[in-house]
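Positions are given from 1 along the sequence.
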Amino acid sequence: MNTDSIWKEESGQCPVFPPLAKDIETEVLIIGGGITGLTLATLLNDAGIHSVLAEASHIGNGTTGLSSCHLTTQIDTQYSKVYSDFGEEIAAMVARSRVEGIDFIEQLITRKNIDCDFKRVVGYQYADKSEQIADLEAEYRYAGYIDLPVELTENLDLPFPISKALKFDNQAVFNAQAFINGLAEDLVNSKCKIFENTRVTDIREDRGIFTVTANGSSIRALKVVMATHIPLFFNVLQTLAFPYISYVIAATIEGDTPENLYWDMDEPYHYIRSTEFNGKKYLIVGGADHKVGHEEETLKRFEELESYARKKFNVKSVDFRWSAEFYESADGLPFIGESPFSKNLYVATGFAGDGLVYGPLAALIINDLIQGKTNKNYDAYDSTRITIAASMADFFKENIDNARSFVADKFGNVSEETPDQLEPGEGKVLNLNGEKVAVAKDAHGEIHAVSPVCTHLKCNVHYNNAEQTWDCPCHGSRFSIDGSVVYGPAVDPLEKKEIIPVSENKK
């Protein structure tokens with residue numbers, strides 16, 4: 001079983017960039033080398049603006065290449081909810097901007113001559129349970145209110161029955177990993193300097209100049225963009241955007257593979273598409289979402305997806321499986337624009353499962369802000385907005401949940417087992433000599449021990465057995481079993497702990 005995404009397997013090589021090794025200066029510093037950061041770097045470069053892009057690991061090593069790589073005008077938050085919470089003008093702006101975002105991606109691919117298998121397809125949101133039809137028809141009505149072209153239909157090319165579906169024309173699929181590889185290739189020897197393995201560990205602003213520390217060196221910049229899923233360090237937006245994980249499998253099936261995009265109305269919903277790799281047609285099935293750090297037996301989520309796929313299709317084999325992290329905002333729309341703390345610090349977060357469209361849209365908006373231009377879609381995503389009615393319920397629910405996790409983990413969630421009793425691939429918080437220690441055993445039987453206390457805001461991490469990571473249930477930081485940071489907002493690794501295995505004590 002391949003545990004990397006199928007897109008990374010077929011996307012070819014990305015250019016390799018050096019780590020930052022000396023102090024530098026730039027007009028704009030972009031933190032994060034995913035679809036948002038690289039699209040923004042491309043726009044700034046085309047405008048003749050010097051920038052530096054700092055990526056903590058490797059270009060495209062995050063969520064971009066771990067998605068299902070589809071582009072839709074429909075959103076995770078239904079338009080009926082956006083219309084009710086924000087009004088007709090904002091709902092229409094969201095719909096229009098997503099149409100424009102997909103068009104922009106297609107134009108950028110053509111302009112930069114990027115080979116990433118971009119293709120226009122039809123998208124279907126379908127109800128396969130009678131009780132879902134009313135919600136589907138409501139979404140149809142609200143789409144009409146905001147001039148988003150959709151049709152109601154009962155005819156889909158799926159091998160299982162559905163009750164009714166919404167048809168969205170001019171959706172798209174592509175290989176997002178190959179797309180950002182192409183953007184990175186285009187930026188070689190450009191006005192943008194890219195540094196990999198360059199983790200930002202400190203940001204300070206003094207009289208309009210940012211001094212950013214990375215790899216022990218400093219980057220001085222007039223403007224800084226956090227293209228990092230969630231802002232690093234502490235930021236008020238961390239209380240307004242909540243971390244989730246979604247799962248994806250790629251399977252071969254008997255018979256024809258559906259050619260379009262499909263997503264149901266379950267909670268969490270499932271999505272279906274197809275792709276071709278090494279001469280084989282693959283069915284892509286995703287979903288089974290849950291909040292980060294709230295499910296330790298994450299392998300079961302892949303089992304749930306496989307079971308779902310086998311109920312709907314005649315599956316021959318499941319050859320790939322992978323997962324990805326994303327953030328959902330409290331009011332259902334992304335936060336894009338100026339940070340609440342500085343007019344020259346920009347953020348882009350809360351994309352939910354729509355980041356491949358919202359990432360480039362964020363780049364377009366922030367590019368305009370940096371150049372002092374007005375972006376016609378800014379009001380829908382204004383990162384300084386206050387939406388009490390739309391966000392209050394989720395704000396309290398999620399943050400009370402964080403507080404509950406913080407308290408519960410300080411007094412519980414500990415095993416009395418010894419490190420030697422762990423199986424390869426297993427991890428637990430153990431009580432070792434009266435101290436809580438996060439202990440994991442890798443596939444080779446080597447034991448790794450670290451502090452269970454997240455270096456962001458001191459919540460306790462939980463083990464993720466599918467990815468073999470330590471995940472923070474409060475704000476979504478994730479760490480490898482050796483304690484190194486996989487995803488922020490944490491920037492410092494978990495503290496390493498020294499333990500003596502039981503087998504050595506007996507000698």
Side-chain angles (χ1 to χ4, degrees), residues 1-6 8-9 57-58 61-63 65-66 243 245-251 288-307 317-325 409 412-455 459-473 476-487 490 493-507:
M1 175 77 67
N2 195 317
T3 57
D4 212 344
S5 83
I6 198 169
K8 293 193 176 188
E9 290 293 318
S57 56
H58 301 286
N61 204 40
T63 297
L66 296 173
I245 295 180
S246 189
Y247 298 82
V248 190
I249 60 172
D289 306 354
H290 66 83
K291 196 174 180 188
V292 172
H294 286 243
E295 175 66 67
E296 296 194 12
E297 294 297 326
T298 48
L299 285 170
K300 290 182 179 178
R301 298 296 174 136
F302 288 120
E303 294 170 5
E304 289 174 20
L305 280 187
E306 182 172 345
S307 176
S317 65
V318 176
D319 296 350
F320 296 82
R321 68 184 186 197
W322 65 93
S323 67
E325 184 176 17
D409 288 343
N413 191 34
V414 62
S415 171
E416 297 299 329
E417 295 178 58
T418 65
D420 281 0
Q421 289 176 298
L422 298 179
E423 297 293 330
E426 188 177 18
K428 291 184 178 181
V429 176
L430 305 182
N431 181 3
L432 300 180
N433 298 319
E435 180 184 16
K436 287 185 179 182
V437 180
V439 182
K441 184 180 288 187
D442 65 25
H444 305 290
E446 183 178 353
I447 293 171
H448 302 265
V450 294
S451 167
V453 180
C454 178
T455 56
C459 290
N460 275 21
V461 296
H462 294 182
Y463 191 65
N464 176 335
N465 68 352
E467 301 296 332
Q468 296 186 26
T469 55
W470 292 106
D471 299 352
C472 179
S477 296
R478 299 175 70 188
F479 305 84
S480 64
I481 58 175
D482 67 3
S484 56
V485 179
V486 177
Y487 288 117
L494 298 176
E495 179 188 356
K496 290 185 181 296
K497 296 290 185 178
E498 294 292 334
I499 61 173
I500 301 175
V502 172
S503 58
E504 292 188 17
N505 280 332
K506 293 180 179 179
K507 291 181 180 179

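By the 4.5 Å heavy-atom criterion applied to side chains, Phe320 and Asp4 are not counted as neighbours. Between Leu299 and Arg321, the closest side-chain pair of non-hydrogen atoms falls below 4.5 Å. Contact check for Val453 versus Asn460: side-chain heavy atoms found under the 4.5 Å cut-off.
Across Val485 and Ala490, no two heavy atoms sit closer than the pair CG1-O, 3.5 Å. Closest approach of Thr455 and Pro493 over heavy atoms only: CG2-O, 3.1 Å. Here the closest non-hydrogen pair linking Gln468 and Gly425 is NE2-CA, 3.6 Å. Scanning all heavy atoms of the two residues, the minimum distance from Ser246 to Asp289 falls at OG-OD1, 2.7 Å. Closest heavy-atom contact between Trp322 and Ala250: CZ3-CB, 4.2 Å. Closest non-hydrogen pair, Gly293 versus Pro473, comes out as O-CB, 3.9 Å.
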Given the rule in the side-chain hydrogen bond (donor to acceptor under 3.5 Å, both in side chains) test, do Thr418 and Asp420 qualify, once you have shown the distances and angles that lead to the verdict?
-> CA-CA 5 Å; Thr418 65; Asp420 281 0; 5.8 Å; no

Let me see the working for Glu297 and Asn465 under side-chain hydrogen bond (donor to acceptor under 3.5 Å, both in side chains), right down to the final yes or no.
-> CA-CA 6 Å; Glu297 294 297 326; Asn465 68 352; 3.0 Å; yes

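The backbone N or O of Gly65 sits less than 3.5 Å from a side-chain atom of Ser5, completing a donor-acceptor pair. Side-chain atoms of Thr298 come within 3.5 Å of backbone N or O of Ala466 as a donor-acceptor pair. A donor-acceptor contact shorter than 3.5 Å is absent between the side chain of Ser317 and the backbone of Asp319. The backbone N or O of Val486 lies less than 3.5 Å from no partner atom in the side chain of Arg478, so there is not a single donor-acceptor pair. With Thr63 contributing its side chain and Glu325 its backbone, the two residues share a donor-acceptor pair below 3.5 Å.
The distance from atom NZ of Lys496 to atom OG of Ser484, rounded to the nearest 0.5 Å, is 7.0 Å. Once rounded to the nearest 0.5 Å, the distance linking NZ of Lys8 with CG of Leu66 reads 4.5 Å. For the atom pair CD (Glu498) and CG (Leu432), the distance works out to 12.5 Å, reported to the nearest 0.5 Å. Taking NE2 from His448 and CG from Leu494, the interatomic distance works out to 13.5 Å, rounded to the nearest 0.5 Å. Interatomic distance, OG1 of Thr469 versus OH of Tyr463, reported as 7.5 Å (0.5 Å rounding). Between atom CG of residue Asp471 and atom CG of residue Asn464 there is a gap of 4.5 Å, rounded to the nearest 0.5 Å.
Note: Tyr247 and Phe302 have perpendicular aromatic rings, judged against thresholds of 30 and 60 degrees for the angle between ring planes.
Under a 4.0 Å N-O distance rule, the pair Lys497/Glu435 qualifies as a salt bridge.
Phe479 is linked by a ring pair (Phe, Tyr, Trp, His ring centres under 6.0 Å) to nothing, counting only residues two or more places apart in sequence or in another chain.
Heavy atoms from other residues, nucleotides or ligands lying under 6.0 Å from NE2 of His58 number 12 at most.
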